[in-house]
Amino acid sequence: METSIDQKYRLLLLEHYLTSAKESILKSGAKKWVFVCPFCGPLGRTEGMKKHLKGSLLWNVQQNSWVFYCVKKGGADCMNSKTLGNLISALNPALGEAYKKDRWHSGTTGKGHNCGAPQGVVGALRGHQVARVKRTVLE
């Protein structure tokens, strides 16, 4: 199930960063978004090739997140798949940090999750974890 944070940032990407985005349904019933790859799309030799819908966001059940794929793999940034957070960071690093902060505040970053902690908070404890640590030290 898509979180409200992932939905917010996915919609931002589709509206502002991904050209000609269209939603489709796979045979399995899962949603898929196809669009012009933001990395290799502009590298097309003709105007028609620049408009090919080669990039896609697919729902990955194991990661419980959207994953970016490019069929063409024509640029260095689209050779491998990317998680939603990595795609956001590649397109707009400041927006990527905001996404990580939102995920960090919701407790869905770090070990066991598909998103790292934002810069400046690595190793820092969240408020509820600090209270738990203090309580165990005092007991």
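By convention here, the first residue in the shown sequence is residue 1. Note: hydrogens, waters and symmetry copies are ignored here, and every other heavy atom, side chains too, is used.
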Item to check | Cluster check I5, W33: I/L/V/M/F/W/Y, side chain < 4.5 angstrom | outcome: yes
Checklist entry - Do L53 and Y69 belong together in a cluster built from hydrophobic side chains that touch within less than 4.5 Å? => result no
Item to check | T83/Q63 under side-chain contact (heavy atoms from CB on, under 4.5 Å): CA gap, chis, key distance, verdict | outcome: CA-CA 9 Å; T83 62; Q63 292 183 14; 3.6 Å; yes
Checklist outcome for this item: To the nearest 0.5 Å, atom CG of L58 lies from atom OG of S65 at 11.5 Å
Item to check | Closest non-hydrogen atom pair between K82 and A90, with its separation | outcome: CE-CB, 4.3 Å
Next on the checklist: Run the side-chain contact (heavy atoms from CB on, under 4.5 Å) test on L13 and N92 for me, step by step, so that the C-alpha distance in whole Å, both residues' side-chain angles and the decisive distance to 0.1 Å come before the verdict.
Outcome noted: CA-CA 10 Å; L13 281 180; N92 183 333; over 6 Å; no
Item to check | Separation between CD1 of I88 and CD of E97, rounded to the nearest 0.5 Å | outcome: 11.5 Å
Checklist entry - Quick one: does K73's side chain have a donor or acceptor within less than 3.5 Å of a partner on C70's backbone? => result yes
Checklist entry - Looking only at atom types and distance, does a side-chain atom of T108 sit under 3.5 Å from a main-chain N or O of R103, one as donor and one as acceptor? => result yes
Checklist entry - Does the side-chain contact (heavy atoms from CB on, under 4.5 Å) test come out yes or no for L12 and L95, once each step is laid out? => result CA-CA 10 Å; L12 264 171; L95 188 62; 4.2 Å; yes
Checklist entry - Does a donor on one side chain and an acceptor on the other come within less than 3.5 Å for W59 and E2? => result no
Next on the checklist: Show, in sequence, the C-alpha distance, side-chain angles and deciding distance for L18 and L91, and conclude whether the side-chain contact (heavy atoms from CB on, under 4.5 Å) test is met.
Outcome noted: CA-CA 10 Å; L18 305 176; L91 295 172; 4.2 Å; yes
Checklist entry - Can you name the nearest heavy-atom pair linking P42 to K50, along with the distance? => result O-CE, 3.6 Å
Checklist outcome for this item: Between K100 and A117, the two heavy atoms sitting closest are CD-O, 4.1 Å
Next on the checklist: Can a donor-acceptor pair be found, under 3.5 Å and without considering hydrogens, that links the side chain of N64 to the backbone of M1?
Outcome noted: yes
Checklist entry - What's the shortest heavy-atom distance between V36 and G41, and which atoms? => result CG1-CA, 3.9 Å
Checklist entry - Can you tell which of L57, I25, L26 makes a side-chain contact (heavy atoms from CB on, under 4.5 Å) with K32? => result L26
Item to check | Contact summary for G107 and H113, nearest pair of heavy atoms | outcome: O-NE2, 3.6 Å
Checklist entry - Would you say the ring centroid of F39 lies under 6.0 angstrom from that of F68? => result yes
Next on the checklist: So, taking the atom named SG in C40 and the one named NZ in K72, what distance separates them when rounded to the nearest 0.5 Å?
Outcome noted: 5.0 Å
Checklist outcome for this item: In this structure, OG1 of T3 is separated from NZ of K8 (nearest 0.5 Å) by 11.0 Å
Item to check | Joint hydrophobic cluster, Y17 plus Y99, side-chain heavy atoms closer than 4.5 Å | outcome: yes
